[in-house]
Novice: 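Take this structure, written in structure tokens, and hold onto it; I'll ask about it next.
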Amino acid sequence: EAQVTQNPRYLITVTGKKLTVTCSQNMNHEYMSWYRQDPGLGLRQIYYSMNVEVTDKGDVPEGYKVSRKEKRNFPLILESPSPNQTSLYFCASAPAQGNTGELFFGEGSRLTVL
Amino acid sequence: AQKVTQAQTEISVVEKEDVTLDCVYETRDTTYYLFWYKQPPSGELVFLIRRNSFDEQNEISGRYSWNFQKSTSSFNFTITASQVVDSAVYFCALSEGGDKIIFGKGTRLHILP
């Protein structure tokens with residue numbers, strides 16, 4: 001089954017404790033992206049990647065890191081999480097460049113930083 | 001800079017009524033893409049439609065239709081004969097071709113039985 005898989009789905013952590021949210025897709029997609037969803041703010045793009053070893057900042061990259069060492073994986077790293085990073089996070093992928101087709105989204109990861 | 005405005009934060013209609021969700025976008029590019037996504041109460045995000053800036057033809061898919069007007073920079077979404085299953089948050093999105101995709105803040109649609 002074609003899918004984008006995120007882990008963990010739910011996480012409660014404390015300020016400053018490094019964490020990684022993994023994202024993996026099995027569709028051989030070139031494009032991958034991370035979004036955060038907050039009430040009243042919609043979906044905001046954090047980082048995106050057009051291909052292996054190519055990543056770019058979205059609109060809200062501060063406090064996050066990403067890497068794209070393999071085509072299928074695009075982990076989101078919070079080196080020192082803060083309460084303002086409490087949010088619902090979505091990973092997405094697309095066959096080629098993100099604007100040429102539909103985005104396939106993961107189920108979301110709800111992160112709470114205390 | 002690109003921007004997407006969904007002025008309707010929340011809409012409630014009675015089942016079987018028609019409802020239109022508004023989307024106004026801003027871009028300086030002549031080539032761009034517009035999208036609509038649906039987020040039902042279960043939380044997943046579902047792609048509904050993509051439109052490029054050179055194709056202003058309206059599109060109909062069952063009870064869903066989309067009206068793209070470059071003159072008013074709008075890409076509105078109409079649900080005809082709404083059903084309770086249409087209750088969701090709907091997002092409009094814009095891409096200028098640089099692989100950044102900007103979403104609007106979403107419109108929460110309640111279909112009342």
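Numbered from 1 within each chain, the chains take letters A, B, ... in sequence-line order. The model shown is predicted, which means the values in this text are computed figures rather than measured ones.
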Novice: Honestly curious: do B/F91 and B/L109 fall in one hydrophobic cluster under the side-chain, below-4.5 Å linking rule?
Specialist: no
Novice: Does one hydrophobic cluster hold both A/V113 and A/Y64, with members joined at side-chain heavy-atom distances below 4.5 Å?
Specialist: yes
Novice: Answer with yes or no whether the hydrophobic clustering places B/F47 together with A/Y48; edges join I, L, V, M, F, W, Y residues whose side-chain heavy atoms lie under 4.5 Å apart.
Specialist: yes
Novice: Hey, what do you get for CG (A/L43) to NZ (B/K105), rounding to the nearest 0.5 Å?
Specialist: 12.5 Å
Novice: Honestly curious: do B/Y64 and B/L45 fall in one hydrophobic cluster under the side-chain, below-4.5 Å linking rule?
Specialist: no
Novice: Tell me, do B/I101 and A/Y31 make a side-chain contact under 4.5 Å, heavy atoms counted?
Specialist: yes
Novice: Under 4.5 Å heavy-atom distance to chain B, tell me which part of A/F104 shows up: side chain, backbone, both or neither.
Specialist: neither
Novice: Looking at B/Y37 and A/L103, what are the two nearest heavy atoms and their distance?
Specialist: OH-N, 2.9 Å
Novice: For B/Q6, is it the side chain, the backbone, both, or neither that has a heavy atom closer than 4.5 Å to a heavy atom of chain A?
Specialist: neither
Novice: Check whether B/E44 reaches the backbone of A/F105 with its side chain - one donor and one acceptor, N or O, closer than 3.5 Å.
Specialist: no
Novice: Side chain, backbone, both or neither: which part of B/I102 has a non-hydrogen atom closer than 4.5 Å to chain A?
Specialist: side chain
Novice: Would you say the rings of A/Y35 and B/F103 are close, in the sense that their centroids are separated by under 6.0 Å?
Specialist: yes
Novice: Membership question, hydrophobic clusters at under 4.5 Å side-chain separation (ILVMFWY): are B/F77 and B/V13 in the same one?
Specialist: yes
Novice: State whether the number of non-hydrogen atoms from other residues, nucleotides or ligands found under 6.0 Å of B/I60 atom CD1 is greater than 12.
Specialist: no
